[in-house]
Every structure is written in C-alpha cells, then in structure tokens.
Amino acid sequence: MYMNDNDMTFIKSLLYSTDTEYVMNELMNMNNPLIPHYFAANYNWDNGFELPVVILENAACDVGTGLLLFHYADGYRFLVEIDEPSSEPMEEWNFFMKRVYEKLLSLDFTSQDISFDPGLTKVQV
C-alpha cells in the first residue's frame with residue numbers, strides 16, 4: 001500500500017471541506033485504508049466525533065487506524081477513568097471511546113497492515 005500525490009490532494013480536500021455529508025460519504029465508501037488513516041491523523045478533534053465514528057465503522061479501517069483514533073481521542077485518560085461514570089457533556093466522547101476500545105480488544109478490523117506508535121512513556125506503557 002502506498003499513497004500518491006492524488007491521494008494526498010484528496011485527503012487535503014476532505015480535511016478542508018465544509019460539506020460534512022460529502023466527507024462522511026467519502027470516508028464511508030473508502031476502500032484504501034491509508035486515506036482514512038491519514039485523514040484521522042490530521043483531523044481537527046474540536047470538530048467532534050461524527051467523522052471519527054465513520055472512519056472506525058468503515059470496513060477498510062485498519063487496526064493501526066483504530067489505535068490512532070484511540071490515542072488521539074485521549075484513550076489514556078479513558079483507561080484511567082474506565083470505571084468512572086461519564087458526565088453528560090462527555091457522553092459523545094465516552095461512547096466513541098467504548099466503541100474503539102471494544103474493537104481494539106476484539107481485533108475487529110479487516111487488516112493489520114498500518115502501524116501506529118504513539119510514543120508512550122515507560123510509565124504509560
């Protein structure tokens with residue numbers, strides 16, 4: 001698997017698009033697992049969890065992308081607070097984190113070709 005200049009241009013167009021429905025549709029129907037991975041790596045998490053959920057539920061989502069989503073959405077905090085009840089403002093985050101966590105534990109991904117190293121400290125590991 002590799003990315004070419006057209007793929008990079010396409011990812012940039014998705015990242016800067018203001019048409020959320022278009023971006024969701026493109027991410028839902030993506031067959032190349034690298035494009036959602038790079039999209040997720042450059043996604044602005046202040047925009048919410050709607051698009052990350054689409055990436056996670058895409059059949060082509062790789063386990064490396066799942067790890068990236070978990071880490072970028074503050075998965076370390078989720079693990080520390082896993083038994084804590086979630087507050088109402090955090091419901092969307094909590095739902096997303098539980099879904100990513102479940103998929104990672106069950107290895108519910110079609111491929112394991114993309115690596116992701118979050119650079120955890122020895123204490124975090």
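Nothing fancy with the numbering, it's 1 onward along the sequence.
- Here the straight-line distance linking atom CD1 of I11 with atom CE of M3 works out to 3.0 Å at 0.5 Å rounding.
- By the ring-ring contact (aromatic ring centres under 6.0 Å, His included) test, F70 is found to be paired with no residue, residues two or more places apart in sequence or in another chain being considered.
- Cluster annotation: M97 is connected to L107 through the hydrophobic network of ILVMFWY side chains, with a link wherever side-chain heavy atoms come within less than 4.5 Å.
- Closest approach of M30 to P36, counting heavy atoms only: CG-CD, 3.6 Å.
- Residues A73 and F49 come closest through the heavy atom pair CB-CE2, 4.1 Å.
- The distance from atom OG of S17 to atom NZ of K12, rounded to the nearest 0.5 Å, is 15.5 Å.
- Note that CG of D62 is 7.0 Å distant from OG1 of T110, once rounded to the nearest 0.5 Å.
- In this structure, the side-chain contact (heavy atoms from CB on, under 4.5 Å) partners of L51, at least two apart in sequence or on a different chain, are T20, V23, M24, L27, F39, Y43.
- With a 4.5 Å cut-off on side-chain heavy atoms, S111 and V63 do not count as touching.
- Environment of CG in D19: crowded, with over 12 heavy atoms of neighbouring residues, nucleotides or ligands closer than 6.0 Å.
- Nearest heavy atoms, V100 versus G66: CG1-O, 3.6 Å.
- Remark: side-chain polar atoms of N25 are not paired, donor with acceptor, to backbone N or O of Y22 under 3.5 angstrom.
- Crowding of N29 atom CG: a count of heavy atoms from other residues, nucleotides or ligands under 6.0 Å exceeding 12.
- Shown are F78, Y76, F96; of these, the ring pair (Phe, Tyr, Trp, His ring centres under 6.0 Å) with Y101 is made only by F78.
- For the atom pair CE (M90) and CZ (R77), the distance works out to 4.0 Å, reported to the nearest 0.5 Å.
- Rounding to the nearest 0.5 Å places CG of L56 at 4.5 Å from NZ of K103.
- No single ILVMFWY cluster, assembled from side-chain heavy atoms under 4.5 Å apart, contains both F95 and V54.
- Nearest approach of I55 to A40, heavy atoms of both residues: CD1-CB, 4.0 Å.
- In terms of heavy-atom proximity, P33 sits nearest to N31 at CD-O, 3.3 Å.
- The distance from the NE2 atom of H37 to the CG atom of D113 is 11.5 Å, given to the nearest 0.5 Å.
- Using a 4.5 Å cut-off on side-chain heavy atoms (C-beta onward), P52 and W45 make contact.
- Hydrophobic clustering of Ile, Leu, Val, Met, Phe, Trp and Tyr side chains at less than 4.5 Å, counting indirect connections, unites M28 with L34.
- Aromatic ring orientation, F116 versus H71: tilted (interplanar angle from 30° to 60°).
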> Going through the checks in order, is the side chain to side chain contact (heavy atoms under 4.5 Å, CB included) test met by F109 and T65?
Replying inline: CA-CA 10 Å; F109 297 92; T65 304; over 6 Å; no

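- Between the S13 side chain and the F10 main chain, a donor and an acceptor come within less than 3.5 Å of each other.
- Residue pairs meeting the salt bridge (charged side-chain N to carboxylate O under 4.0 Å, His left out) criterion with at least one member in residues 48-58, sequence neighbours excluded: E57-R99.
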